[in-house]
Structures are given as C-alpha cells and as structure tokens.
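Beneath this line is the structure, given in structure tokens, with notes to follow.
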Amino acid sequence: MKIIGLVAPTLAATAAAVGLVVQALAQTAVPFVPVTDAMIQQPASKDWLSWRRTLNSWGYSPLDQIDRSNVEQLRLVWARPLPDGHNEGTPLVYDGVLYFPGPGDVIQAIDAKSGEVLWQHRRELPEDIGEYLPFYETNRNLAIYGNLVIARGSDDVIYAVDARTGELAWETTIMDYRKGAKQSSGPIIAEGLAITGRSCEPEGGPDACVITAHDALTGQEVWRTSTIARGDDPNDATWGGLPLERRQQVGAWMIASYDPALKLVYMGTSVTAPAPKLALAGNEHDYLYHNSTLALDVRTGRIVWHYQHLVDHWDLDHPFPRMLIDDEVAPDPAEVAWINPRIEPGRTYKVLTGVPGKTGVVYTLDRETGEFLWARPTIRQNVVHSIDGATGRVTVNPDTVFTDYGKAALVCPAASGGANYQAGAYSPLTRTMYLPAQNTCSMVTAVEPTGAGPGIYGMAARSFLAEDAGDNLGVIHAVNAVTGRTAWTYAQRAGMQSLMTTGGGLLFAGDGHGRFRALDQETGAVLWDMNLGSSVTGYPATFEVDGHQYVAVSTGRWLADSFTPELVHGTQNTLFVFALPEAGIGHRGPVKAPINRAGLAAAVDPAQSPAAARTVRDGVFSADQARAGQAVYARACAACHGTNFEPAPGSPPLHGAAFLANWRGRTLADLFTLIRATMPPGAADRLREDEHLAAMAYILEANGFPTGQPLMPSTTALRIIGFGQ
C-alpha cells in the first residue's frame with residue numbers, strides 16, 4: 001500500500017508522476033465540504049453520490065423539475081468525448097462537480113453545468129495487462145468519501161485521488177493482476193469502508209475470488225471474504241470434495257447494496273467456471289457460494305446468511321443489483337409462480353428484491369434473515385423448474401442439465417442474458433420495479449474437459465432471439481414490488497440498457513441502438529426520445545446545479561450487439577448532459593489558472609533558437625529507437641499524418657521537402673517539444689516521454705537521416721542538435 005498524503009485545498013497545479021496526469025485549475029471559491037457516511041446514506045436530492053445514487057440500489061432521484069408535463073422540452077446542454085475503451089460508466093455528482101470513471105483508469109472531474117474538465121487523473125497501466133485480463137479497462141463506478149474520490153484499478157488495485165485536484169492520495173494492491181483477478185466495478189462506501197468485488201479468471205483459482213473492504217481514508221485493508229467455501233467453512237462440503245485448486249471463478253463483479261440499520265452488505269455472485277457440473281464433482285452438489293446473495297457483516301466481512309438462486313450449468317451469472325425496500329409483501333398468486341406460505345399479511349418487511357441474475361427471475365427475500373418470500377419469471381426462461389415456497393430451494397429443469405458430453409439442450413436465456421450488467425430501477429411513487437432484459441435463447445452443448453488445469457471446463461453455444469419474442473430483443477418489465485404483478489411491458493427491436501427513475505414520474509432508458517428516452521412510470525408511454533448515435537452503455541444519473549435539474553448518460557460499444565445487425569450505430573464513448581431550456585446552454589466553466597510547462601513552448605522564429613553544435617546528419621538517434629518509434633507512430637500518429645506520411649487535410653507534413661523547410665534553422669528540442677505537447681491530438685499525455693522520443697527518431701529516419709548514438713531526453717542535449725541552415 002502506498003499512502004501519498006491528502007492534498008490541501010489550494011490552487012490546482014499540474015503534476016507529473018508515474019500514472020498521474022493532473023490538469024491545472026483555478027481555486028474554487030466555495031470550500032470543499034468532506035463527504036460523510038451520513039451524506040452517502042441520505043444524499044442531498046441534488047447529488048448522485050453512489051453507483052445507483054443510494055446504497056439501496058434503487059436508481060431513483062427525488063428531483064422533479066423535469067416531469068411528465070415538460071420532458072418533451074429536454075435538450076442537449078453539453079457533450080464530452082470520453083477515453084477509449086469499453087465504457088459502462090456512471091457519473092458521480094457532488095456539489096456541482098461531475099466525476100466520471102472513464103475506461104482504462106481515467107478519472108475526469110467536470111464542471112457539471114458547463115462540461116469543462118477541471119482535472120484529469122490517468123494511471124499508467126502495465127503494458128502486458130491485456131495478456132492476462134479481458135476487457136480490463138471497464139470501470140462502472142466511483143465512490144466519494146471525505147475529500148477523496150475512490151476507484152478500482154484495472155490491474156487489481158484500489159486507489160484514491162483528491163476530489164479537488166486529482167492528486168493521488170493512496171494506492172493499495174489487492175492482488176497481482178497476473179493471478180486472474182479482474183475488477184470491472186468500483187466500490188461502495190459503507191461505514192467508512194470501500195467495499196469491492198471482482199471477477200476471477202480460472203488461472204487465479206479460489207484465492208482470486210474475494211470481496212474486500214479497505215479503509216476509505218487510508219487504503220488499509222480491513223477484511224477479505226472468499227466467495228468460494230473452503231477449509232473450515234461449513235459449506236466446504238457443497239463442492240463434493242473437489243480439490244481446492246479446481247474451485248474457481250465464483251466472482252462478485254458488480255456492485256453491492258448496503259443497509260445501514262442492519263449493518264449488512266449485500267453482494268451477488270457469479271457462476272463457477274462456466275461449466276456443466278458433471279465436469280466438476282457432479283450434478284448433485286451446490287458449489288457454494290456461486291449464484292448466491294451473500295449478506296456480509298460490514299465490520300468483519302463474515303457471511304451472516306446466504307441464498308442460492310440457481311445451480312448453474314450454462315454461465316447464467318447472478319451478481320446484479322439487489323434493491324432494498326421496506327414494504328408489504330403480498331404476492332398475487334395469479335402472476336407470482338412461487339410464494340412462501342408463511343408470509344404475514346399487512347406486515348412491513350425489510351426485503352431484498354429485483355432480478356439478481358441472467359435468468360430474468362425476480363427474487364424477493366427477507367433481507368434480515370435471507371428467508372425466501374416470492375419469485376416469478378419475467379422474460380422466457382426454462383432453467384428454473386420450480387422453487388419450494390417453504391424452503392426457497394430451487395429445482396433446475398432436468399431437460400437443461402447435462403448428464404453426458406456432446407448432447408445439446410435448449411437453454412433460455414442465453415449466456416449473454418436475459419438480464420446482465422444493465423441495471424433496473426425502483427420508484428417509490430409507483431412501488432414498482434422497472435427491469436431491463438433481452439429476449440434470448442441458445443442451444444448449448446457440454447464440452448468434455450481437454451486436460452488438467454484451470455479454464456478447461458466449458459460448453460459450446462449458439463445464441464438467438466427467443467421464438468416468442470417476435471423480432472424484439474429488448475424489453476422493460478414493470479413489476480409491482482409488493483404484489484409481483486406486471487404493471488406494463490415495453491418491447492422493442494433494439495437491446496435494452498440501464499434505467500433510472502425520478503420524482504417527476506419519469507423512467508429514463510437507453511438502448512443498444514443509441515436511443516435515450518423518457519417513459520411514463522405509470523403507463524410505459526414514451527414521452528421523449530433522442531438518438532445519441534452510439535449504444536447507451538453507461539448508467540444514467542440526474543443532478544441539480546444552481547436550481548436546474550440535469551440528466552446525464554454515456555454511450556460506447558455494446559458487446560452483445562449481434563442480434564440486431566440491421567441497426568447501424570456508432571461505438572463512440574461520449575458523455576451527454578440534458579436539461580430544460582431554462583437551464584441555458586453555453587455556460588462557461590470556472591476560470592483556470594494558466595499553465596506554462598517548462599520547455600513546452602516551441603520557438604517559432606528560427607532566430608530564437610540557439611546555435612546548434614551538431615546536426616541531425618551526425619547520427620543522433622539509434623536504430624532501436626527508430627524501430628520502437630515506428631510502432632508508436634503507427635499507433636498514435638498515422639491516423640492524422642498518414643501511414644506513408646501522406647497527411648490528412650490540415651495535418652502538418654512530417655516527411656519530405658516541406659517538413660525540412662519548416663524545420664530548417666530549428667533544433668530537435670523544438671521538434672520534441674511540439675511532438676510531446678500535441679501528439680496524439682488531445683491525448684498527448686497517453687504517451688510516455690521515451691515513446692515521444694522514439695516517434696521523433698522514426699520521423700528523422702523516414703527523412704533520410706542516419707542512425708547513430710541514442711537520443712537523450714534532456715532538453716539541453718536536444719537543443720544543441722539542429723537541422724542545419
């Protein structure tokens with residue numbers, strides 16, 4: 001663990017260190033008020049302080065300025081491109097500042113009213129991380145506590161930056177990313193602890209499958225809980241004697257909920273290594289704690305109770321949001337398939353509910369005890385055959401369970417879901433849950449293990465739209481949380497993405513085609529709709545600044561887009577913010593202090609350059625630098641300057657007579673300064689200094705200058721090397 005220290009509220013300045021890029025800002029006029037547990041547990045209506053705004057995972061804001069009567073006037077206020085990578089981010093908003101978790105460990109603090117970037121923090125990631133973790137850059141959320149913004153790292157660290165400046169405060173390694181522990185979701189804050197889960201690749205074995213809690217102010221680890229029963233855990237026997245090294249991939253890759261009164265954290269888990277259970281210890285075992293809801297003591301991480309939703313054979317994970325609601329429990333037998341006969345009429349229960357897994361089945365549990373209360377399907381599913389209402393025990397459809405290898409079975413939904421990372425929402429106005437899903441099925445064949453070691457289990461699958469869905473992939477099911485009755489459904493061709501409810505009676509929903517819309521919570525009628533051009537992969541949020549309500553959502557690339565190939569759209573990562581006309585557009589952000597980085601201003605007048613003692617014809621760069629620079633150029637420069645140095649319109653030449661004429665009488669320090677400040681456009685901080693230097697060496701080689709001794713990064717050394725007169 002590295003504790004860097006907390007930064008005082010002074011004028012933000014540029015900092016350069018490994019993994020850190022901070023842009024300069026002016027000092028804010030209003031002092032920063034540290035965020036407390038009480039503020040997170042009962043957030044001000046104007047803020048969005050957690051993944052789903054509140055720790056009960058409702059995805060609901062009481063803001064009601066934008067409502068059913070005026071939402072049709074909603075218009076774009078500002079938009080901002082986001083870093084490259086797989087985007088599923090959630091805006092976190094506090095006191096007029098929007099913090100966004102961009103892909104690849106980039107945090108941006110943005111003036112929420114104007115869209116002006118206040119600061120940016122970018123961690124440097126290991127160059128080989130992609131060899132160990134797939135889609136490592138996904139980052140769904142941030143947390144805020146005290147003066148800190150807290151994030152997960154792609155390389156399995158947890159870290160915090162100062163919310164005012166972006167300066168690194170602390171960084172703690174959870175485990176070696178090369179051991180198969182991937183983090184696609186950030187923390188929640190509960191009683192001063194930053195609590196995270198992770199998916200765990202097969203090579204990580206059981207040790208990678210843990211939920212952890214760290215002190216939010218220091219990064220010190222407080223507890224670590226395994227999601228795989230082993231050793232003296234009383235549920236060790238549920239693995240049927242399977243050797244510990246073969247117990248793998250029970251992940252907790254989404255975000256927890258928390259009940260401050262009960263001091264319980266609720267986290268869902270995934271499948272074991274996606275595998276028919278005949279490939280493990282047999283179909284008769286439960287393999288705890290896979291596909292379960294875990295209730296953890298926030299102080300110790302001890303599992304207080306667990307409930308298993310499904311023994312998996314098909315990669316149907318159950319790590320999705322658990323909504324915490326206090327209300328009656330009165331399931332309607334006409335629509336609810338499975339009911340506990342001991343439910344007490346009229347009693348207010350503390351329930352945990354929602355769709356926890358890919359099957360699309362709604363489960364409602366007593367969150368104090370874990371007792372099963374009721375469950376019902378939404379989309380077509382054929383893996384849950386029945387649930388014993390008295391015990392909550394799930395019986396799997398025997399027609400979908402593999403008893404030998406090579407035999408195919410129809411399984412609904414497909415492994416992509418059903419439900420997936422897309423989050424539903426709850427509204428206290430209607431006492432209704434709004435649940436996004438996809439209508440999919442698949443033909444699945446059990447694949448025989450090919451040898452010893454991790455990752456050998458699996459299946460072959462061919463996915464398709466469910467037959468009874470018509471041509472509609474996406475659907476929203478509005479299900480009353482008290483009765484379990486369907487209030488309405490909204491189906492469409494495009495896949496459905498995450499939802500948000502508001503005090504204005506609205507349900508905001510994005511889809512895979514790029515449409516972002518507002519629906520009436522009571523009827524499902526579409527009241528406003530806009531095409532954002534790319535799949536709406538991010539989670540929406542709403543907030544208030546200077547008396548005006550805003551709605552934010554982001555786009556990117558949806559990884560399950562193959563079901564609707566005729567729907568053409570982009571894959572750009574962009575953050576969009578909307579408001580009513582009264583909020584105005586074109587707001588200017590806070591005035592920033594100017595930065596004059598030493599050595600970044602390239603001389604324009606050749607007469608200003610010092611006399612050069614050497615020229616580029618003297619062999620001033622090495623062949624190795626040029627080869628490294630060729631790769632850098634192809635990756636970061638060729639898009640504008642051309643693979644063969646044929647620049648796009650507006651891009652300056654880097655080759656030939658025009659280039660040499662431009663730089664005659666100048667020095668390599670001038671060229672290096674310009675390259676370092678501008679390439680690639682808008683993202684120069686993505687390249688290390690040695691990469692900028694190598695790119696310059698490649699440009700020199702391409703212009704016919706000879707190789708020789710390596711270039712040095714010293715500005716002084718580069719100033720004595722000129723292009724000649």
query: Would you call Lys350 and Asp366 a salt bridge, taking side-chain N to carboxylate O under 4.0 Å as the test?
result: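 No salt bridge links Lys350 with Asp366.
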- line: Between Arg376 and the options Thr486, Asp332, Thr364, the side-chain contact (heavy atoms from CB on, under 4.5 Å) test singles out Thr486
- prompt: Is the number of heavy atoms from other residues, nucleotides or ligands under 6.0 Å of Glu335 CD greater than 12?
  reply: yes
Whether over 12 other heavy atoms sit under 6.0 Å from Arg557 CZ: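 Result for CZ/Arg557: open.
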Residue pairs involving residues 58-68 (criterion side-chain hydrogen bond (donor to acceptor under 3.5 Å, both in side chains); sequence neighbours excluded): Asp67-Ser69, Arg68-Asp520
task: Give every residue pair that meets the salt bridge (Lys or Arg N to Asp or Glu O under 4.0 Å) criterion with at least one member in residues 488-506, sequence neighbours excluded.
output: Arg493-Glu566
message: Looking at Tyr94 and Val33, would you say the former's side chain and the latter's main chain have a donor-acceptor pair under 3.5 Å?
response: yes
field: Check: Tyr159 main-chain N/O paired with Arg123 side-chain donor or acceptor under 3.5 Å
entry: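 No, the answer is negative, given that no donor and acceptor are paired below the 3.5 Å cut-off.
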message: Check the orientation of Tyr434 and Trp488. Use parallel for under 30°, tilted for 30 to 60°, and perpendicular for over 60°.
response: tilted
task: Could you tell me the separation between the CD1 atom of Ile255 and the CZ atom of Arg152, rounded to the nearest 0.5 Å?
output: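 These two atoms lie 10.5 Å from each other.
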Distance, nearest 0.5 Å, that separates CG of Leu168 from CD1 of Ile107: 9.5 Å
message: For the residue pair Arg517 and Phe508, would you count it as a cation-pi contact if the rule is NZ or CZ under 6.0 angstrom from the ring centre and within 45 degrees of the ring axis?
response: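 Here Arg517 fails the 6.0 Å and 45° test against Phe508.
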- request: List the atom of Thr542, the atom of Tyr550, and the distance in Å for their closest heavy-atom pair.
  value: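 Smallest heavy-atom distance, with atoms named: OG1-O, 2.6 Å.
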- request: Applying salt bridge (charged side-chain N to carboxylate O under 4.0 Å, His left out), run through Arg367 and Asp326 and close with a yes or a no.
  value: CA-CA 10 Å; Arg367 72 173 183 270; Asp326 295 352; 2.7 Å; yes
- request: Would you mind reporting whether Met433 and Val362 have side-chain heavy atoms less than 4.5 Å apart?
  value: yes
- prompt: Among all residues two or more places apart in sequence or in another chain, which pass the side chain to side chain donor-acceptor pair (under 3.5 Å) test with Glu368?
  reply: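 Applying side chain to side chain donor-acceptor pair (under 3.5 Å) to Glu368 gives none.
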